[in-house]
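Computation of the quantities below employed the complete heavy-atom set of this structure, encompassing side-chain atoms and omitting hydrogens, waters and symmetry-equivalent molecules. First the proteins, then the strands, lettered A, B, ... as listed; each starts at 1.
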Amino acid sequence: MTTTARSLTELYAEVQQFHAAQMQALDSGDFDAYSATFTEDGEFAHTPGRPAARTRSGIAQELHAYHQERFAQDPVQRRHSFSMLRLSPRTDGAIDATFYCLVITSRPGVRQPEIAPSCAVHDVLVREKGQLLTRSRRVAHDYLSLL
Amino acid sequence: MTTTARSLTELYAEVQQFHAAQMQALDSGDFDAYSATFTEDGEFAHTPGRPAARTRSGIAQELHAYHQERFAQDPVQRRHSFSMLRLSPRTDGAIDATFYCLVITSRPGVRQPEIAPSCAVHDVLVREKGQLLTRSRRVAHDYLSLL
Amino acid sequence: MTTTARSLTELYAEVQQFHAAQMQALDSGDFDAYSATFTEDGEFAHTPGRPAARTRSGIAQELHAYHQERFAQDPVQRRHSFSMLRLSPRTDGAIDATFYCLVITSRPGVRQPEIAPSCAVHDVLVREKGQLLTRSRRVAHDYLSLL
């Protein structure tokens, strides 16, 4: 077992756990916990046509505004489901993580959720004081990338 | 590599493999193999409004009854697809596992499956004689949790 | 930590990374990169009723033909999303990998993707010069398996 194999194995499990905790926070509406998974100067580009949110407080603010605007009159349970995670560590210690994401939206009393859009996501992750953090997240929506 | 990092890495892969084998058993209709992945006194609350099934034989019985009732006249291939697995080991050795689940139901000759409902699942896992087992599984259906 | 536990942990992360890179290649239309993840004599049975494609160049050729035929007049972004991966190493070093797959197809300007079909996949993986390769991949479509 080489050091590299060992560290990629650990990194894979660690990023999966990091993403799971991060998205469970987002999907439960805990936007402060979600934004705390970004670096202080983190960047989050989640919707085409909207400027990227920047800094932890900017990301939390953007999420509060977005949810107020879209879901205040339309209570939903959203779930972000990631798959096909690929990790590419850089020599400077940052990690490129690319993966797919489906957004699943359930409405009260409606058994069948809306599943849209399908996205490709590119995270740049860094480690601060031993903890993984997202330095940037760029979400590309497949139905718009084709236009 | 700390012991904790090593064991969380191993635990992550082990739980993923455990869940995959467990759900491939369920989705192939092998309810006895599925119920054998629970502790002898295990508990499985899978559908709101139905009491939780208890004990291995109780869980197998409940699954046979449920499938007879719902699918005897409607042959389907169901698949349970988990994502965003988060593990929190307790000090007593039990492990809380929370994750998302989509239920995918295909019918003969119909290319597009029904994908419903979207669920959040909470497992309590324990280890007996070296093997992971589910002590309890609680499934919350998103479209009902919002009511 | 036994050697077996260690190697299954590493294998799990390695296969996940292998699958992620393989499918990101396929979904970006890089059929040569995709076919290079098979052994030279690899076999890929992806659609019932079509004969399995064989050899790297045969697989690349088949994919070019298939995409030309199906998508030349219908530009789409497809994503193959795997879940519930189960690994069973054989004594000869090959690895059986079974998992679920959803095919997600987005069209320009249409937010909701088509999600079909639901599949069960069986890979036989081998290691050559330290690298995992797919020796065979058989895809079963759930809506056809029931007929």
Heavy-atom count check: over 12 atoms from other residues, nucleotides or ligands less than 6.0 Å from Gln73(B) CD?
no

With a cut-off of 6.0 Å (strictly less than), are more than 12 heavy atoms of other residues, nucleotides or ligands near CD of Glu40(B)?
yes

Rounded to the nearest 0.5 Å, the OH atom of Tyr100(C) sits from the CD1 atom of Ile104(B) at a distance of 9.0 Å

Leu102(B) CG to Ser83(C) OG distance, which is reported to the nearest 0.5 Å
9.0 Å

So, applying side-chain hydrogen bond (donor to acceptor under 3.5 Å, both in side chains) with Asp142(C), which one of Arg111(B), Arg79(B), Gln77(B) is it?
Arg79(B)

Tell me the closest heavy-atom pair linking Leu147(C) and Pro108(B), and the distance in Å.
CD2-CB, 3.6 Å

Indicate the atoms forming the closest heavy-atom contact of Gln24(B) with Thr98(C), along with that distance.
OE1-OG1, 3.1 Å

Determine whether Leu146(C) and Arg107(B) satisfy the following criterion, side chain to side chain contact (heavy atoms under 4.5 Å, CB included), listing intermediate values before the conclusion.
CA-CA 7 Å; Leu146(C) 289 159; Arg107(B) 289 184 164 79; 5.5 Å; no

Atom group of Tyr143(C) that falls short of 4.5 Å from chain B, counting heavy atoms
both

Given a strict heavy-atom distance threshold of 4.5 Å, which part of Cys101(C) is in contact with chain B: side chain, backbone, both, or neither?
neither

If we define contacts as heavy-atom pairs under 4.5 Å, which of Ser145(C), Ala13(C), Ala120(C) has the most with chain B?
Ala120(C)

Top of Val103(C), Leu144(C), Leu85(C) for chain B proximity - count of heavy-atom pairs under 4.5 angstrom
Leu85(C)

Side-chain donor or acceptor of Gln112(B) paired with backbone N/O of Glu114(C) under 3.5 Å
no

Most contacts with chain C, counted as non-hydrogen pairs under 4.5 angstrom, among Gln16(B), His19(B), Met23(B)
Gln16(B)

Interchain contact, Phe18(B) with chain C, by part (heavy-atom threshold 4.5 Å)
neither

